[in-house]
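Scroll down for the structure; my scribbles are underneath it.
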Amino acid sequence: MDPPVIRLAHCQVQVFCLQVPGACPSCGEDLRERRLQEAPVSLPSPFSNAHKTSCCLLVAPAHNNTTSEFDGTSDLHTGISNTEGVVYNYTRAGVVRALSGWERCVSVPLVRPDMFPLLNQWDQYLQNHSEGPSWDPAWHRFDEQHQNCLSFCLSFVNRVLAAEGREALSREAFTQTFILPRVQRVQKYLFLCRHLQTHPYYLVDREGDTREDTQEDTQEGI
C-alpha cells in the first residue's frame, strides 16, 4: 500500500511530505502555529478496488507490464465494471468476467448516481455487448492495434450513447477525456511517492500547482 502523502500550503509553495515538518522548508517559519487554511491534508490515493466500484471504466497495468506501474511507457489494460463490481475485459481469449485481480487500478465513473434508467439497464447492456461476435475469438482475432481491450470499452460506451440517442465518441476523444487525465494524475502521485522515499519533502510553486489542478479536472459520467 502506498504511504499517505501529505500536502500543506505555506508562503508561496505547496509542500508535499510524509511527515509534517516543524518549519517551512521554503521560508523557515515555524509551522506549529499554522492558520486553519494552512492545515495539512492527506492526498487521496488515485487507486481503487475495481470490485468495489459500479459502472466504471477501469485502467490497470497489463499482465505483461512487469513493473505493474503507470509510467507512461508500459502497457495498460482496460475494462468495464457492472453494478456488482464484476470487471468485463477483452483479452486474446475473448471477454473475461473478472471477480478478482483488479484490486489496484484507476476507476472512472461512467454513470452519474442520478441516471436511474441507465443504471437499471447497465448490466444487461454490458452482458449483451460482451456476447457479441466482435469479441468472440472464433469470429475475430485480438489485435493489439485495432481490436483490443480499449476497442471493447469504447465500443460499449458508444453502444450506450447510441441507446441514449447521443453522439458516438472517437477513440482519440475517449482517450483524452476519460483515460489520460486520470493516468497523468496517477503518474504525478507515484512520482511524489518515489521522491519522498529518499527526500523529506517536495516543493511546488503554489500558483503553478493551483493552475495545474484546475486544468486536470476529470470527466465523470458519459
Verdict with reasoning, Thr53 to Ser81, per side chain to side chain donor-acceptor pair (under 3.5 Å)
CA-CA 7 Å; Thr53 69; Ser81 62; 3.1 Å; yes
Indicate yes or no for a side-chain donor-acceptor contact from His77 to the backbone of Ala60 under 3.5 Å, with no hydrogens or angles considered.
no
Test item: Ile179 and Leu76 side chains (from C-beta on) under 4.5 Å apart, heavy atoms
no
Does atom CD of Glu103 have more than 12 heavy-atom neighbours, drawn from other residues, nucleotides or ligands, at distances under 6.0 Å?
yes
For Phe191, is there any backbone N or O sitting under 3.5 Å from a side-chain donor or acceptor partner on His195?
no
Could you give the distance from CG (Asn148) to CG (Asp75), rounded to the nearest 0.5 Å?
10.0 Å
Can Tyr88 and Gln127 be counted as having a side-chain donor-acceptor contact under 3.5 angstrom?
yes
Residue pair Tyr202 / Gln14, side-chain heavy-atom distance below 4.5 Å:
no
Is there a side-chain contact between Leu8 and Val41 in this structure, where contact means two heavy atoms from C-beta onward sitting under 4.5 Å apart?
no
Any donor-acceptor N/O pair, Thr78 side chain to Cys149 backbone, under 3.5 Å
yes
Ring-face cation contact, Phe16 with Arg7, 6.0 Å cut, 45° max:
no
Any donor-acceptor pair under 3.5 Å from Glu84 side chain to Asp123 backbone:
no
Would you say Leu58 and Val106 make side-chain contact, with heavy atoms under 4.5 Å?
no
What are the two closest heavy atoms between Trp102 and Gly79, and how far apart are they?
CH2-N, 3.8 Å
Are Val13 and Asp205 close enough that some pair of their side-chain heavy atoms sits under 4.5 Å apart?
no
Tell me whether Tyr201 at atom OH has more than 12 heavy atoms from other residues, nucleotides or ligands lying less than 6.0 Å away.
no
Min side-chain heavy-atom separation His129-Phe152 under 4.5 Å:
yes
Are any of the side-chain heavy atoms of Ser48 and Arg104 separated by less than 4.5 Å?
no
Under the 3.5 angstrom rule, does the side chain of Asn89 hit a backbone N or O of Val96 as a donor-acceptor pair?
yes
Any side-chain donor near an acceptor of the partner, Ser155 and Asn158, under 3.5 Å:
no
Would you indicate whether the side-chain heavy atoms of Phe47 and Leu190 approach each other to under 4.5 Å?
yes
Name the orientation class of the two ring planes belonging to Phe174 and Phe178 (parallel below 30°, tilted from 30 to 60°, perpendicular beyond 60°).
tilted
